[in-house]
Structure formats: structure tokens, C-alpha cells
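See below for the structure under consideration.
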Amino acid sequence: MSEEKSFNFIEEIIDQDLKAGKHEHIVTRFPPEPNGYLHLGHASAICLNFGLTQTFPGYTNLRFDDTNPETEETEYVESIKQDIQWLGFQWKNEFYASDYFEQLYQFAHRLIEKELAYVDDSTSEEIRALKGTPTAAGKNSLYRNRTVEENKDLFTRMRNGEFKDGEKVLRAKIDMAHTNMLMRDPVLYRIKHAHHHRTGDAWCIYPMYDFAHGQSDSIEQITHSICTMEFIPHRELYDWCIENLGIYPSHQYEFARRNINYTVTSKRKLLKLVQDGLVDGWDDPRMPTISGLRRRGYTPASIRDFCERVGIAKRDNIVDVSLLEHSIREDLNKHALRRMAVLDPIKLIITNYEEGKTEWLQAENNPEDADAGHRELGFSNELWIERDDFMETPPPKYFRLGPGLNVRLKHAYIVTCTGFKKDADGKVTEVHCEYHPNSKSGNDQSGIKAKGTMHWLSCNHATSAEIRLYDRLFKVENPANEDGDFLSYVNEHSLQILPKAFIEPSLTEASLDDRFQFLRLGYFCLDKNATKEHLIFNRTVNLKDSWAKENK
RNA sequence: UGCCUCAUGGUGUAAUGGUAGCACAUCAGUUUUUGGUACUGCUUGUCUUGGUUCGAAUCCAGGUGGGGUAACCA
């Protein structure tokens, strides 16, 4: 049974490069800008870049693209590192574009000396105006023909802090009529008297992306620099810089960023959700961030599996969240301990069971894993069951409780419903039933057939907890594609808090790494804000529910 | 409007000139002390028009459609 796993187009390129002897090993890098938290889209890039050097000989660097001090912070650096490691990857080197500021500055001088760069005094508005349009060529700047000496002097003085923000920029001297707008004398350096999270106040000029990224790749001798498709036009400039600087020829390859329906993966939009308080921070369990997924209960393996299933290609895409949910269910089904919880309780009284008696029942921890062992469950005449599990007048294919119907109480007995009580509003307050003593789980001699099996909790052997249920963050499949403000498509019912649900008492001992399946309800994990006194469980994902589907 | 880029079931992705496959989703069924899991089966696809070829999803040409691109962001 050999499973043929085909290469994606990037693996294909690398495989050929290696076979052609172009490299003996490869070097990739993951280059986040520390201006936000990592999300599912980054997970794809991480799995790709780090996965490549697991498939092929080589290694992967982590390099922070920290060339814009105004938006970048150490908090983001730390979260990014944590998320990558949590996903299960380890970088060879931890680098920063800011490590290369001095070298980059020298590179700029080299370009000036080759008459390939000049200092421009134009304002940003003037530069934009002279840039032309896609159909009309741009015009040369008045300052385009400064001498090498003048440029070197001015650029040095820019670094020395003699000018204010925006007063001057360094530009590449390429071609103002180029069909690629990026090649129309792109800005290489700008003046920002801003405090940088790593270099402090050492610099007041900062390189632009195009004069930092490719050069950093080259310095690190990155063989395959992988980025998303919107950088395709940058490749020409990437190559131009490397060629004219005469440095190590890294190459850029582009793939299509991954999109997922009913959410957004744009740091700008995610930041907006955080800033407007629509979510409880970057790690809100509804966020598609790595930290949000972690808090929600997703496992690293499930996210890696998801990325693997989605794959890598070049066409626009919107991946269905059900694939993500499939990945986490598959993982958790194998590993999560089974427990019982009652979210919306209603009392079940067993009228023929001795009052005050407690019976201890054996319950398996995980039917998928014999090694997971068993636990003891207290059983008595008063139980909590799910309100959903009783209907006064059930429809035909209802396998739960209703007048005269039988049901198996999981790990316990078969009961027959004998009656119920309602309050003044007509709301059911109590369900009555009789149990069949010879129908005990594991030793059923009753011969009674029960179509359904229900979860329950003994009133005297249950403790309470807050439970949080989550739904998709947005009401529409592709919020980015809708008219108007994307915030108006936020699903206002995406979080449902149940302040007092019942759970098995042993759950008091749960730790953040534990994963549980609450029988018939879904997979749950402890929230980071939970305490022993105030337990909080997050629902990671529900179980597939063919009954709910049939009722739609 | 220029340039760049992409196009395979509902979704994502394979097939590298030779039987269009896999996964998710959907639907139907079997098993089941979780309406879970597991298992079986069905439905659904090569954007279009030409060309090359014994043979085209694949190569060529023209259309069409989507996306990117005109920040002192990355």
C-alpha cells in the first residue's frame, strides 16, 4: 500500500534544482513583519517553508522584516516565535532585517556610486504625481541628475539626522517609463525619526521592503524565497537590486495566499476587530489567529494536517472551514478523553430508584483508545439531562425521551418516560421515568430496545462550569468581498455563554493542555482565564450531528 | 486603459502528451450503548473557440472570466 504523494509546484522546482546540481541543500526563510499576530494564512506559509527543509536537505531561518518602526513591537515578535514553535517548527537562525541596517546602508552607497540611486527632495505628492499611470509614462524628478558626490553627501546627511521626516528620500534610478510601475524609480530609503523596537534611536532612515527583503535573503543565502502572489511585480525589482549589487542570487517564488470562508485573514482587519473590541483580543477563540485557535482548543497537528490537505498552488481560492473542522475532529476523536456535561439542564427523576442511593458506574475514557482507561460515575435517582433530549410530542424519528419512550442512559440503565411536569408558562421543569434494573450497561438482560443513548449527570455528583460556544465570526462567506465596512458582517451571535452548565466533578482538575469530548456535544478545552473556583470551557468544535441536519 | 498572473466537481488539490484521481462537503446505506467514530456506495468537473497530434486537462493561438499592481506599508 504505497501512497503516492505528489509534489506541489514549489517542491517540483526544488527537486529539479537539486537534481540539476544547482544547490546541494536549500535554505528557506519565514519572514514575518512583527506588526500583528500570526494567522491561518501564515500557518500555510510556515508549514510550507519549514516543511520544505524537512522534505529536502537544508534549513529554514526565521527573519523578522522589521523595517517600519512605527508599526512594529516586541510583543508581536514574542507571539510570533511562540506560535511557530507551538506549531511544531524550529528555525535554524533567528534573524532580523534590522540586523542588516548597516550593511543595507552600505549597499545603498554602492548603488549611488554606480549612478543607480539618487536623493530626491520631492514631496511624496510630487513623487506620486510624476510617477505617471499604468498607461502613461512617468516623468523624471528634478533631482534625478545629481552627481554621485552630491548624492553620497546628502544620503550620509540623511542618516546623520540633518533632515526632517519626508524631506528627502533615496530612490533607485531605473526607468520612469517602465511598464512595471514598481520599476519607476522606487523609493529605497525614507526618513523616520522613530524609535525602533530593536535598534532604538540608532537610525532615522529606514529601508523600504524592496531594499531590505531581497538583500536580507541574499545575505542569508536563501536559495528559495517564497512569498505570496501580490509580490510578483516586486520580483523584477528584487532581481534588479541583487544583480546591480552583485550579491548572492536568491530567487523569489510566489504562491496564492490561502483564504478561508466566514473569516478574514488580513492583519489590518484582525487588528481592527481587536481595537474595536469586537473580540476579546488577538487570541479570542473566534479569531483565525494561531493564538486564537490554540485557545479554542485546536491542536498543532490538526493545523498542520489542514495545511497539508489544502496544499499549495497559484490560483485564487477560498477554503471551506469544514475542512479545518474535519482536521481537528479527526485528531481529537483519537485523543480526547470522553466526559459528560449538560449544557441546558432539565431534571430527570427516576421514580422507582431508591432515594439517597449512589451507585458507581464504570465509564470508558475513550472508546478509540483502550489504553485511556476508565473512570467512575456517580448515579442516583435525580439526574440532569439535556433539555433538547425531551419532547412532549416528539416527531417520528426522534430517538430520545418523550412520554412512553425508552432511552439508554449512557454507561447506566435503560429508562422509560412515565411523565413530566410543566410550570405556569408551559415550560417543562421535570421529566419522570422508571428504570429497568436488569438493563445495566455491560450486563443488559432486559431485552428492551432503546434507539437512543443519552448523556446525563447525577445531580449530587455534578459540579458547575461556564461554557462558551462559538460560531463563525462572520455572517457571509467572504467578508472582504462584500460592499461597505467588513465590520457590518460580523456575526453578533458568534459567542454564546452558558454561565451555569453541569460537568463531571473530575473536570475540576483539568489543565490547559487537556482535550475533552463532552459526549454528544463536541470537543472542549479549558479556557486560559479559568480558575478552580470559576471553571470555563471553550467548545473547540461540535460533533457532527445528523439529527440537527435532518431537522433543518 | 498598461503590465503581471491564474483558470480541473459545491470547495481544495492531483494527473508533467496516454483510463480525469484524492480529500472535504452533499446524498443514500451498514455497524454502533455517543444521531459521534468506522465502513460501503451514489451524484457532480477539465472556462471557450480553433490548431498541433494516432491521442490534449496538459503543447500553440485567439477569446472570456477572476485576481494582483499606480503607499515615503510589508
Side-chain angles (χ1 to χ4, degrees), chain A residues 3-8 12 31-33 35 65-68 70-72 120 122-124 127-128 131-138 165-171 178-184 186-192 205-206 208-210 212-213 227-236 254 256 258 261 267-268 308-327 329-330 333-334 338 340 367-368 397-400 407-412 414 439 441-442 444 450-455 517-522 542-550:
Chain A
E3 192 123 320
E4 198 75 14
K5 207 226 157 266
S6 54
F7 282 155
N8 64 46
E12 203 69 58
E33 184 191 9
N35 68 344
D65 233 333
D66 56 349
T67 57
N68 185 0
E70 284 162 351
T71 57
E72 297 155 4
D120 195 332
S122 309
T123 64
S124 58
I127 289 176
R128 189 167 30 235
K131 195 136 203 168
T133 67
T135 46
D165 286 10
E167 218 173 306
K168 287 180 168 42
V169 291
L170 182 73
R171 287 230 261 172
H178 206 288
T179 52
N180 181 349
M181 298 290 290
L182 264 168
M183 298 296 277
R184 320 244 262 224
V187 172
L188 265 23
Y189 265 92
R190 76 285 215 195
I191 299 171
K192 276 181 193 285
I205 57 171
Y206 292 93
M208 296 287 289
Y209 167 84
D210 289 300
H213 200 101
C227 61
T228 45
M229 303 268 287
E230 66 269 27
F231 288 96
I232 289 177
H234 293 254
R235 190 174 62 227
E236 197 169 8
E254 310 87 6
R258 316 323 313 208
N261 58 189
K267 280 196 274 186
R268 206 204 97 245
E308 183 66 32
R309 285 171 192 267
V310 169
I312 295 296
K314 298 183 81 160
R315 72 175 101 130
D316 299 329
N317 61 82
I318 302 182
V319 182
D320 200 317
V321 271
S322 65
L323 188 57
L324 214 211
E325 294 180 343
H326 173 78
S327 291
R329 284 193 189 106
E330 188 177 72
N333 176 51
K334 283 186 285 219
R338 304 308 120 115
M340 294 206 278
E368 306 294 321
K397 277 155 65 186
Y398 190 76
F399 302 155
R400 308 175 188 183
V407 78
R408 155 77 61 187
L409 293 175
K410 180 74 178 173
H411 305 305
I414 291 176
S439 68
S441 195
D444 183 356
K451 278 218 188 99
T453 301
M454 288 171 25
H455 61 277
Q517 182 197 105
F518 290 174
L519 248 50
R520 305 207 297 142
L521 298 173
N542 62 332
L543 255 29
K544 284 212 263 182
D545 188 346
S546 48
W547 171 245
K549 203 175 288 174
E550 188 161 335

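Chain A is the first sequence line, chain B the second, and so forth, proteins listed ahead of strands; every chain is numbered from 1.
- One N or O donor and one acceptor, one from the side chain of A:Ser441 and one from the base of B:U33, sit under 3.5 Å apart.
- Only the P atoms considered, B:U43 is 32 Å distant from B:U33, to the nearest whole Å.
- As rounded to the nearest Å, B:A25 and B:G55 have C1' atoms that lie 35 Å from one another.
- Within the 6.0 Å centre-distance limit, the rings of A:His234 and A:Tyr209 are counted as a close aromatic pair.
- Proximity of a side-chain donor or acceptor of A:Asp545 to a complementary backbone N or O of A:Leu543 within less than 3.5 Å is not detected.
- Note: NE2 (A:His234) to P (B:C73) measures 13 Å, nearest angstrom.
- Going from the P atom of B:U26 to that of B:A38 covers 14 Å, rounded to whole Å.
- Nucleotides B:G17 and B:U30 are separated by 43 Å at their C1' atoms, to the nearest Å.
- Across B:U46 and B:G10, the matching P atoms stand 9 Å from one another, rounded to whole Å.
- Using the Watson-Crick or G-U wobble rule with both distances under 3.5 Å, B:A7 pairs with B:U64.
- At a cut-off of 3.5 angstrom, the base of B:U33 holds at least one donor-acceptor pair with the side chain of A:Arg408.
- In this structure, the nucleotide among B:U13, B:G36, B:C24 sitting nearest to the side chain of A:Ala313 is B:U13.
- Candidate nucleotides B:C6, B:G36, B:A15 were compared by shortest atom distance to the side chain of A:Ser6, and B:A15 ranks first.
- Taking atom C1' on both B:C47 and B:G65, the two are 7 Å apart, rounded to the nearest angstrom.
- With a cut-off of 3.5 Å on both pairing distances, the Watson-Crick or G-U wobble partner of B:C27 is B:G41.
- Proximity of A:Lys451 to the phosphate of B:U33: no side-chain N or O atom is located under 4.0 Å from OP1 or OP2.
- Of the candidates B:U26, B:G66, B:A74, the closest approach to any side-chain atom of A:Lys549 belongs to B:U26.
- Atom name P, nucleotides B:U8 and B:A15: the rounded distance is 14 Å, in whole Å.
- For B:C22, the paired nucleotide is B:G12, the pair qualifying as Watson-Crick or G-U wobble because both relevant distances are below 3.5 Å.
- Separating the P atom of B:G50 from that of B:A14 is a span of 29 Å, rounded to the nearest Å.
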